[in-house]
Enquirer: 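One structure, as structure tokens, below. Some questions next.
The analysis underlying the following values was restricted to heavy atoms, covering all of them including side chains, and did not include hydrogens, waters or symmetry mates.
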Amino acid sequence: MYCEGCQKPICHMCKFSGVHANHKVSGMERKYNVMKDKLEKNINKVQGRRDLIQAELDRIKAMRLRLETSGVMFKEHVKSALDSVSELLATRQESLLERAETEVSTRIDVVQNMLEAYEKMLQDCNVIEYAQEILKETEHACFVQAARPVISRMHKMADTMKLKNIDVSDDFKNMSITSDKALEAVGDLNFLKIPGIPTMLPNESYAYKDVKLCWKEPSDGGKVDSYNLEYRMCIQHSPTKKGQKTKQTKVDTADQSERNNSTSWTGIQGITTSQHTICSLEYGQEYEFRVQAVNAAGCGTFCDAISLRTAPGSVFNFRFDATKINSGKDTVEISGNGMNATVFPNSSILDNVGLIPKTAVSLNPVYIIGDQKITSGRHYWEIVINQSAYVSQVGVVSEKKSRLVLHPGDQVSTDSGHDSCEEADVHEDPLGSDCGVMINHFMGKVRLPSPKTSTTKDTSAVTVSNTLGVLVDCDNGLVSLYDGKTKRVVFTSEGCIRGPVYPGLVIVGAGSFSIRC
């Protein structure tokens with residue numbers, strides 16, 4: 001029998017009439033099996049750790065050899081660079097060589113300390129052989145007495161035998177000396193480090209006619225000489241039924257990137273400013289962009305990539321036309337280049353400043369129509385809402401609608417004598433069935449109209465940026481409205497245009513608007 005309290009074998013007499021009568025005991029056979037199982041598990045655990053440590057030890061030994069080899073080359077490089085500036089670098093040479101020697105010694109010392117630590121762990125593992133000899137003991141009492149301290153020791157060993165990361169590089173690529181300008185600035189001669197990581201500025205980067213990218217220079221590392229910019233297209237996946245594999249709509253058969261949903265990177269090198277414009281990217285595609293800093297020491301790490309979606313169609317060039325406004329010059333101001341429009345409060349609002357109006361204040365909508373007509377093709381533009389006091393509408397108006405808005409007197413006319421369908425439409429339906437498509441923007445949200453098939457007039461609201469995009473596809477009779485910042489579709493109207501249309505803007509209240517250029 002085995003006394004659990006005293007942790008030693010006992011006889012039956014001691015259990016029933018001796019000092020162990022009130023102690024918890026176990027059968028010797030059961031205790032033998034338990035202790036043997038524990039010992040075998042600990043042996044396997046320590047053996048596994050020993051194998052890992054041996055592999056790590058071999059790796060570190062190889063790393064030390066590489067450090068010694070590259071350290072010699074590194075010191076030779078430092079000495080050669082210093083010797084190239086002759087006597088002017090005599091005092092500086094000693095300092096830099098000392099730093100190089102210290103760096104090499106420091107790294108080797110770190111590796112040496114790790115080697116000694118792991119070798120000591122391996123020496124402690126000699127207890128395995130002793131434990132294996134204990135396993136050969138067939139006398140249960142002797143085995144239990146001998147195995148108990150060994151198990152405790154091996155358990156502590158297993159907890160302390162852990163691998164540690166070595167935060168030391170086995171080369172000196174991050175420490176390089178350039179002697180090109182040493183003669184001019186010998187006092188500033190020092191180790192040149194690889195530049196740090198730039199930071200992309202997503203709020204200042206955008207995609208429209210072209211893609212403009214902006215970033216912030218690194219806050220650490222060596223001085224930046226130039227930047228390398230890379231971009232790639234994100235592959236679009238067509239929707240599939242449940243259970244089917246996804247089919248790629250863009251396939252790159254050349255080089256596949258590390259990500260399955262993107263094509264390979266395209267690089268632009270030698271950029272000397274912290275911004276760059278990329279032209280001629282495909283319409284309606286999402287791209288990733290990243291940048292790295294470069295100097296004579298080498299290339300730094302790429303920053304985290306940002307994603308931008310290009311315009312869904314060719315950008316339509318038009319201007320705000322002061323002659324195509326249904327209001328006076330005292331209410332609307334068009335900039336000289338026709339890219340900006342400002343709507344001022346009407347006189348009825350200004351007359352009641354600080355007073356309680358006695359009558360209802362009229363907020364007549366102001367229509368601003370573009371100077372260019374769209375008759376065919378696929379075109380896209382964006383309107384930036386700089387400031388809007390109430391409601392604004394962005395979209396397209398038909399040629400007929402533009403005439404009715406700008407010349408309301410033309411709605412009332414006598415029959416010309418010709419059987420004209422357009423004339424009939426004007427009398428029977430002043431706006432016509434193809435008046436255009438507009439979307440309401442109010443306080444950072446757009447109101448989406450209900451489908452034509454719906455019997456209700458409910459609308460839904462979607463939060464968007466202050467930039468709205470309009471895509472006109474004349475060939476298919478489609479008008480799609482976008483969030484200009486993300487280039488995501490918020491609304492599409494089918495079969496709504498059957499003739500020429502103009503870019504249109506409607507403002508209720510005061511506001512300031514711009515055409516993105």
Enquirer: Looking at CD1 of Ile268 and CD of Glu230, how far apart are the two atoms once the value is rounded to the nearest 0.5 Å?
Expert: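 Answer rounded to 0.5 Å: 9.5 Å.
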
Enquirer: Charged N to carboxylate O under 4.0 angstrom, Glu286 versus Arg232?
Expert: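 Salt bridge: no.
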
Enquirer: Show the numbers, then the answer: is there a side-chain contact (heavy atoms from CB on, under 4.5 Å) between Val446 and Leu481?
Expert: CA-CA 10 Å; Val446 295; Leu481 300 170; over 6 Å; no

Enquirer: Is the shortest side-chain heavy-atom distance between Val291 and Cys303 below 4.5 Å?
Expert: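 With C-beta onward as the side chain, the pair touches.
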
Enquirer: Would you check if Ile325 and Ile334 make a side-chain contact, meaning some heavy-atom pair closer than 4.5 Å?
Expert: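 Yes, side chains in contact.
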
Enquirer: Donor-acceptor pair, distance only, cut-off 3.5 Å: does the side chain of Lys487 make one with the backbone of Gly484?
Expert: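 Looks like yes, one N/O pair under 3.5 Å.
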
Enquirer: Does atom NZ (Lys324) have a neighbourhood of more than 12 heavy atoms from anything else shown, all under 6.0 Å?
Expert: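 Yes, enclosed.
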
Enquirer: Identify the heavy atoms of Asn317 and Lys209 that sit nearest to each other, and give their distance.
Expert: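 Residues Asn317 and Lys209, closest heavy atoms: OD1-NZ, 3.0 Å.
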
Enquirer: How many angstroms lie between atom CG of Leu505 and atom CZ of Phe320, to the nearest 0.5 angstrom?
Expert: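 Spacing of CG (Leu505) from CZ (Phe320) equals 5.0 Å.
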
Enquirer: Any chance CG of Asp304 has more than 12 other-residue heavy atoms, nucleotides or ligands included, within less than 6.0 Å?
Expert: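 No, CG of Asp304 has 12 or fewer neighbouring heavy atoms, counting only those of other groups under 6.0 Å.
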
Enquirer: Is there a donor-acceptor contact under 3.5 Å linking the side chains of Asn340 and Ser514?
Expert: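 The answer is yes; a qualifying pair exists.
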
Enquirer: With no hydrogens and no angle check, is any side-chain donor or acceptor of Ser205 less than 3.5 Å from a backbone partner on Leu201?
Expert: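 Flag set: sc Ser205 to bb Leu201 pair under 3.5 Å.
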
Enquirer: So does Ile271 get a backbone contact from the side chain of Ser226, meaning a donor-acceptor N/O pair under 3.5 Å?
Expert: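 No; judged by distance alone, with no hydrogens or angles, the pair does not exist.
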
Enquirer: Determine, stepwise, if the pair Val111 / Leu67 fulfils side-chain contact (heavy atoms from CB on, under 4.5 Å).
Expert: CA-CA 9 Å; Val111 175; Leu67 270 172; 3.6 Å; yes

Enquirer: Checking the side chain of Ser274 only, and the main-chain atoms of Glu217 only, is there a donor and an acceptor separated by less than 3.5 Å?
Expert: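 Judged by distance alone, no pair lies under 3.5 Å.
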
Enquirer: I'd like to know if the side chain of Ser70 and the backbone of Asp170 have a donor-acceptor N/O pair within less than 3.5 Å.
Expert: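 Flag set: sc Ser70 to bb Asp170 pair under 3.5 Å.
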
Enquirer: Could you tell me whether Arg290 sits above the aromatic face of Trp215, with NZ or CZ closer than 6.0 angstrom to the six-membered ring centre and within 45 degrees of the axis?
Expert: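 Checked: cation-pi criterion not met.
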
Enquirer: Measuring from atom CG of Leu468 to atom CZ of Phe491, what distance do you get when rounded to the nearest 0.5 angstrom?
Expert: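 These two atoms lie 13.5 Å from each other.
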
Enquirer: Would a 4.5 Å heavy-atom cut-off, applied to side chains only, mark Glu282 and Met233 as touching?
Expert: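 The answer is yes, as the side chains (C-beta and beyond) meet within the 4.5 Å cut-off.
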
Enquirer: Carefully, step by step, assess Thr375 and Cys474 under the rule side-chain contact (heavy atoms from CB on, under 4.5 Å).
Expert: CA-CA 7 Å; Thr375 58; Cys474 295; over 6 Å; no

Enquirer: Can you tell me how far the CD1 atom of Ile383 sits from the CZ atom of Phe513, to the nearest 0.5 Å?
Expert: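 Going from the CD1 atom of Ile383 to the CZ atom of Phe513 covers 9.0 Å.
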
Enquirer: Just so I know, are the side chains of Ile439 and Val490 near enough to count as touching, which here means a heavy-atom distance under 4.5 Å?
Expert: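 The answer is yes, as the side chains (C-beta and beyond) meet within the 4.5 Å cut-off.
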
Enquirer: Do the non-hydrogen side-chain atoms of Met438 and Val397 ever get within less than 4.5 Å of each other?
Expert: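 They are in contact (side-chain heavy atoms under 4.5 Å apart), so the answer is yes.
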
Enquirer: Can you check whether Leu478's main-chain N or O pairs, donor with acceptor, with Asn476's side chain at less than 3.5 Å?
Expert: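 Absent.
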
Enquirer: Let me confirm one number: the CZ-CG distance from Arg49 to Asp51, rounded to the nearest 0.5 Å.
Expert: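 Spacing of CZ (Arg49) from CG (Asp51) equals 11.5 Å.
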
Enquirer: Quick one: side chain to side chain donor-acceptor pair (under 3.5 Å) partners of Thr266, sequence neighbours excluded?
Expert: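 Result, side chain to side chain donor-acceptor pair (under 3.5 Å) vs Thr266: none returned.
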
Enquirer: Are the ring centres of Tyr380 and Tyr482 closer than 6.0 Å?
Expert: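 Ring-ring flag for Tyr380/Tyr482: true, centres closer than 6.0 Å.
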
Enquirer: Quick check: do His441 and Ile385 have side-chain heavy atoms less than 4.5 Å from each other?
Expert: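 His441 reaches Ile385 side chain to side chain.
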
Enquirer: What are the two closest heavy atoms between Ile369 and Tyr502, and how far apart are they?
Expert: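 Scanning both residues, the minimum pair turns out to be CG2-CB, 3.5 Å.
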
Enquirer: Atom NZ in Lys485, atom CD in Glu382: separation rounded to 0.5 Å?
Expert: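 CD of Glu382 is found 12.5 Å from NZ of Lys485.
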
Enquirer: For Lys75 versus Ala100, what's the shortest heavy-atom pair and its separation?
Expert: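 Between these two residues, the closest heavy atoms are CG-CB, 4.5 Å.
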
Enquirer: Decide if atom CD of Glu68 counts as having more than 12 heavy atoms of other residues, nucleotides or ligands within a radius under 6.0 Å.
Expert: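 Atom CD in Glu68 is crowded, with more than 12 foreign heavy atoms closer than 6.0 Å.
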
Enquirer: Closest approach of Lys445 and Ala461, non-hydrogen atoms and distance?
Expert: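 Distance-wise, the nearest heavy atoms are CD-CB, 4.2 Å.
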
Enquirer: Using a 3.5 Å distance criterion without hydrogens, assess whether the side chain of Asp321 forms a donor-acceptor pair with backbone atoms of Gly370.
Expert: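 No, Asp321 side chain to Gly370 backbone: no donor-acceptor pair under 3.5 Å.
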
Enquirer: Assess the side chains of Gln393 and Asn440: does a donor N or O sit below 3.5 Å from an acceptor N or O?
Expert: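 Checked: Gln393/Asn440 side chains pair up, N/O donor to acceptor below 3.5 Å.
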
Enquirer: So, do Arg488 and Arg309 sit near enough that their side-chain heavy atoms are less than 4.5 Å apart?
Expert: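 A side-chain contact exists here, since the closest heavy-atom pair is under 4.5 Å.
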
Enquirer: Search all heavy atoms of Ala296 against all heavy atoms of Asp225 and return the closest pair with its distance.
Expert: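 Closest approach of Ala296 to Asp225: N-OD2, 3.4 Å.
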
Enquirer: Would you call the rings of Trp381 and Phe316 parallel, tilted or perpendicular, taking 30° and 60° as the class edges?
Expert: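 Rings of Trp381 and Phe316: tilted, as their planes differ by 30° to 60°.
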
Enquirer: Tell me, do Pro503 and Val470 make a side-chain contact under 4.5 Å, heavy atoms counted?
Expert: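 No, too far: nothing below the 4.5 Å cut-off.
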
Enquirer: Considering all heavy atoms of both residues, which atom of Thr301 and which atom of Gln292 are nearest to each other, and what is their separation?
Expert: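 So the two residues come closest at O-CB, 3.9 Å.
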
Enquirer: Output, in order, the C-alpha distance, side-chain angles, deciding distance and verdict of side-chain contact (heavy atoms from CB on, under 4.5 Å) for Gln285 and Cys234.
Expert: CA-CA 7 Å; Gln285 299 295 332; Cys234 298; over 6 Å; no

Enquirer: Are the charged groups of Glu103 and Arg107 less than 4.0 angstrom apart, N to O?
Expert: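 Judged by the 4.0 Å cut-off on N to carboxylate O distance, Glu103 and Arg107 do form a salt bridge.
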
Enquirer: Name all pairs fulfilling the salt bridge (charged side-chain N to carboxylate O under 4.0 Å, His left out) condition that reach into residues 466-483, sequence neighbours left out, sorted by first residue then second.
Expert: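 Matches after skipping sequence neighbours: Arg378-Asp473.
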
Enquirer: Donor-acceptor check, side chain of Asn295 to backbone of Lys193, threshold 3.5 angstrom: yes or no?
Expert: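 It does hold such a pair.
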
